[in-house]
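This report concerns only the one structure given below.
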Protein chains: 2
Amino acid sequence: MNAPDPLPAAMSVIAPQIAPRPVPPALIEALRERFGERCSTAAAVREQHGRDESPFDVPPPEAVVFAESNEDVADAVRLAARHEVPVIPYGAGSSLEGHLLAVQGGISIDLSRMNRVLAVHAEDLTATVQAGVTRTQLNAAIRDTGLFFPIDPGADASIGGMTATRASGTNAVRYGTMRENVLGLTVVTASGEIVRTGTRARKSSAGYDLTRLFVGSEGTLGIMTEITVRLYPHPEAISAAICSFPTLAAAVQTTIQIIQLGVPIARCELLDTNAVRAVNRHDRLSLREGPMLLMEFHGTPASVKEQAELVQEIAREHGGEDFEWATTPEERTRLWTARHHAYLAALQMKPGCRAVTTDACVPISRLADCLLATIDEADAAGLPYFVVGHVGDGNFHMGYLIDPARPEERELAEDLNRRLVARAIGLEGTCTGEHGIGLHKMGFLREEAGDGAIALMRAVKHALDPKNIMNPGKIFPW
Amino acid sequence: MNAPDPLPAAMSVIAPQIAPRPVPPALIEALRERFGERCSTAAAVREQHGRDESPFDVPPPEAVVFAESNEDVADAVRLAARHEVPVIPYGAGSSLEGHLLAVQGGISIDLSRMNRVLAVHAEDLTATVQAGVTRTQLNAAIRDTGLFFPIDPGADASIGGMTATRASGTNAVRYGTMRENVLGLTVVTASGEIVRTGTRARKSSAGYDLTRLFVGSEGTLGIMTEITVRLYPHPEAISAAICSFPTLAAAVQTTIQIIQLGVPIARCELLDTNAVRAVNRHDRLSLREGPMLLMEFHGTPASVKEQAELVQEIAREHGGEDFEWATTPEERTRLWTARHHAYLAALQMKPGCRAVTTDACVPISRLADCLLATIDEADAAGLPYFVVGHVGDGNFHMGYLIDPARPEERELAEDLNRRLVARAIGLEGTCTGEHGIGLHKMGFLREEAGDGAIALMRAVKHALDPKNIMNPGKIFPW
């Protein structure tokens, strides 16, 4: 538990910290022997596994292994461990913070073929899936049970990747995040052992909470290959509504009051005018182009009605108007699909652009302070941006649209993000509500957690991965 | 991550595994110099800190330090670390599994004077308390805010102790356990550093979940001195009801259906006939002496009414009768106080007895199988017992009343417990829903988690406490 090595002052854009470790031909040969055509070194395959949604350019992994079982993963890790070569798990490739980039070289283990729903225990409200199952695939598989899995990050991410980043999404305000919804795991450790954590009981006091130690560990402590998650009964009644506000502040104040009153709202999403405009164009909608809350209520018909009435009253007090209801499942799906498209829709507002996305999350009472000051700064900076937010959780994303050919735009966006993160931490919040640290936020984590907590994390990492082969160079420096 | 050393076959009753480590006079002297009269070696004080509610007899700690600040705890740990002497945190002394016994000698750090509520952020539904604050003290301190803290183990435990054992209680079915309700911690590490984990944001993806690594670690990784917890608005309406059933099976089936239908019931407690009888006598109640569910509904008046009607319907289908309502706060308090007295009340049914208490928790669909088979075994064994259960979580406690002077009764009770735990694990459940492992369940943890998971836990322990001074000899062997 020594103090971590000094970090560069500005860690928000990170170059690989150390030179990639060589991948000896003997390892590639051994992988080919074990996996045949399921081990690829083709340039196109490597390139595909060397990128996520982050804006970093890093050389791709040296090889990609397509795993189909726990034993495949364990064997690949054991072979890599023998040669002290990094292994990086790959799910759907939708991470945002450079999680799957081979910054220290190594091989990628693609889990997308581990896509079987292993067990659905509808009577216990649990399911066990392989890590490559995506959230929409799980929901399709349980459609007939009357249950659903609520966690919905923007992308159709894999459950494994969502577990690794402690993902959440629009339903977290009511149903929690992956932290609350993973009951147990199968993990391949750094030495290639297959270990199970947790049980299917709803609660347990049996020893260290290994499950939650792995949830959010971004592949740095082991590879999660099977995940047991909680499911929920489809509510008897669902009602979605949109409400426009005269100002962003009014929308945020409405949200704060909803949460403080304990309304069990299922979704409470903010879109700023720019996001609404982008979504209108992308999904051919005709939403009123102003700050908007997109809400959903779950419960019995009577309880949904009560929640909706109370929220309408609060919204009215803040000048909310145009309360529009989506009553049919089709209308609701159309609305939430549009919400999930917001990121892509916004990208299309500035052709050829990329987005620098922020992820601050603060205590609900600090949300207005945090968000409005951030908007002021963004307006003053003159960079195009949009705002979408899981504001019921105190979490919002600024998306700064930058021209990748103009480094000064990237730097400006990063600078705005640095100021936002400092503000969020000052307000007792976090630099990342749901995206994770990856490469991008390593400096922020140190600001937020402090050297003492980082030292504890490093001690855990060194104990569980003494050769530093599990997705090295992420979260904090070795 | 080597395999753990072999354990004795029957670890359910444990003798100290290794001889107590000597406490050198120099340490006592240094503690006296630093803490003055707040360091005691008086026999009575040591005895008091060498016992909890478990049935083990172990020599007490060599000294007790009464800490009043983080710095006190840090200094005491640093001094102990210098001499490689064990330190054992002490809160309210209400743990059940031998957590605070000085099985390897050492000193006790009493946190009961760290009893200040440091901050109440009503607008964010959070509070930060020192570890010695008890659950009733916290609720008294926030009475005027309209908020409450829901976690309620039987005893008026300290929030620090509840965090250390990942406690829950009667409200967990709706509000979760300490796992879900601790947002952040101040921890004194094994090297005597003061480290903060987590933030006040509702969710975060910032690095390893140190908070939840410490929650449930039973003082073996560090001493938690400050805890930030979630609070909840007092529901607009609360309604409590008792319902008697012709059989225990009928009560359990009713519970299973309530949970499977997703009724947001706030409390769903089972008492068997023996427990009802004991409570009647102890609290001068006149409850009908048969298997009983004790329930509570939280929400708006309309939603409470809906929940209650649905549950009544389910109960009726299973022969439930005598649905009696406690409508005034006084009646409710009387009922729940009686429930919290069940353990003490049962002890009084057999003067001079002690209770061997079990804590299995299983997936809800397995609850009937698990509980009824256990009851059959208990009836066949002929030992007096009672059953209380947080059955909405699939968690129940058998209390076997034994004569401490008759070792064969203890052995019989332990044997019944072993069979229960094996059954619960076979049903994908856990050996402990809320009491923790302590000394008593070390063998069970190994059965449940397996050598691979134990190896991971040990690796974490060795990394964070390399001298093995933090409450050594608990959860798993070093």
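Values in this document were obtained by computation on a predicted structure and should not be read as measured data. All chains are named by letter (A, B, ...) in the order of the sequence lines, taking the proteins before the strands, and each is independently numbered beginning at 1.
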What part of A:Glu218 gets within 4.5 angstrom of chain B, counting heavy atoms only: side chain, backbone, both, or neither? side chain
At a heavy-atom separation under 4.5 Å, does A:Ala453 approach chain B through its side chain, its backbone, both, or neither? both
Below 4.0 angstrom, N of the basic side chain to O of the carboxylate: do A:Asp393 and B:Arg202 qualify? yes
Engaged part of B:Ala206 at the chain A interface, taking heavy atoms whose separation is under 4.5 Å: both
For B:Thr163, all residues meeting side chain to side chain contact (heavy atoms under 4.5 Å, CB included), sequence neighbours excluded: B:Ile159, B:Met178, B:Val182, B:Leu185, B:Val215, B:Met224, B:Ile227
Tell me, for B:Ile437 versus chain A, whether the close heavy atoms (under 4.5 Å) come from the side chain, the backbone, both or neither. both
Which atoms of A:Thr165 come close to chain B, meaning under 4.5 Å heavy atom to heavy atom: side chain ones, backbone ones, both, or neither? backbone
Most contacts with chain A, counted as non-hydrogen pairs under 4.5 angstrom, among B:Gly450, B:Pro233, B:Gly262, B:Ser204: B:Ser204
Donor-acceptor contact present, side-chain A:Asp209 to main-chain B:Leu213, <3.5 Å: no
So B:His390 and A:Lys203, side chain to side chain contact (heavy atoms under 4.5 Å, CB included) or not? Walk me through it. CA-CA 11 Å; B:His390 313 305; A:Lys203 64 181 194 183; 3.9 Å; yes
Measuring heavy-atom distances to chain B, does A:Leu147 have an atom under 4.5 Å in its side chain, in its backbone, in both, or in neither? neither
Most contacts with chain B, counted as non-hydrogen pairs under 4.5 angstrom, among A:Gly176, A:Gly436, A:Gly207, A:Gly429: A:Gly207
Check whether A:Leu210 gets within reach of chain B through its side chain, its backbone, both or neither, counting any heavy atom under 4.5 Å. side chain
Between the main-chain N or O of B:Arg166 and the side-chain N or O of A:Ser205, is there a donor-acceptor pair closer than 3.5 Å? yes
Region of A:Val187 that comes under 4.5 Å of a non-hydrogen atom in chain B: neither
Turns out that what part of B:Ile425 lies under 4.5 Å from chain A's heavy atoms comes down to neither
Tell me if the centroids of the rings in A:Phe214 and B:Tyr208 come within less than 6.0 Å of each other. no
CD1/B:Ile256 to CD/A:Glu123 distance, rounded to the nearest 0.5 angstrom? 10.0 Å
Specify which of A:Met457, A:Glu236, A:Arg196, A:Gln260 makes the most heavy-atom pairs with chain B at under 4.5 Å. A:Met457
Is A:Thr220 close to chain B through its backbone or its side chain, or both, or neither, when contacts mean heavy atoms under 4.5 Å? both
Please classify the contact between A:Glu448 and chain B as side chain, backbone, both or neither, with a heavy-atom cut-off of under 4.5 Å. side chain
Quick check: closest heavy atoms across A:Leu125 and B:Ile259, and the distance to 0.1 Å? CD1-O, 4.0 Å
Best-contacting candidate, B:Pro264, B:Gly433, B:Ala424, B:Gly222, against chain A by heavy atom pairs under 4.5 angstrom: B:Gly433
Qualifying residues under ring pair (Phe, Tyr, Trp, His ring centres under 6.0 Å), relative to A:Tyr175, sequence neighbours excluded: A:Phe148, A:Tyr232, A:His298
Heavy atoms under 4.5 Å from chain B: which residues of residues 301-310 of chain A carry them? A:Ala302, A:Ser303, A:Glu306
Checking A:Ile475 against chain B: side chain, backbone, both or neither under 4.5 Å from a heavy atom? side chain
Heavy-atom pairs under 4.5 Å with chain A, option from B:Ala360, B:Ser168, B:Gly146, B:Ala122 with the top count: B:Ser168
Please name the pair of heavy atoms, one in A:Ala459 and one in B:Ala463, separated by the smallest distance, quoted to 0.1 Å. O-CB, 3.5 Å
Residue A:His121 versus chain B: region with a heavy atom under 4.5 Å: side chain
Quick check on the interface: out of B:Gly184, B:Cys361, B:Ala167, B:Gly216, who has the most heavy-atom pairs with chain A under 4.5 Å? B:Cys361
For B:Leu427, the side chain to side chain contact (heavy atoms under 4.5 Å, CB included) test, sequence neighbours excluded, returns B:Val362, B:Arg366, B:Asp369, B:Cys370, B:Arg423
Report which part of A:Arg212 has an atom under 4.5 Å of a heavy atom belonging to chain B: side chain, backbone, both, or neither. both
Give, for atom CD1 of B:Ile364 and atom OG1 of A:Thr126, the distance between the pair rounded to the nearest 0.5 Å. 12.0 Å
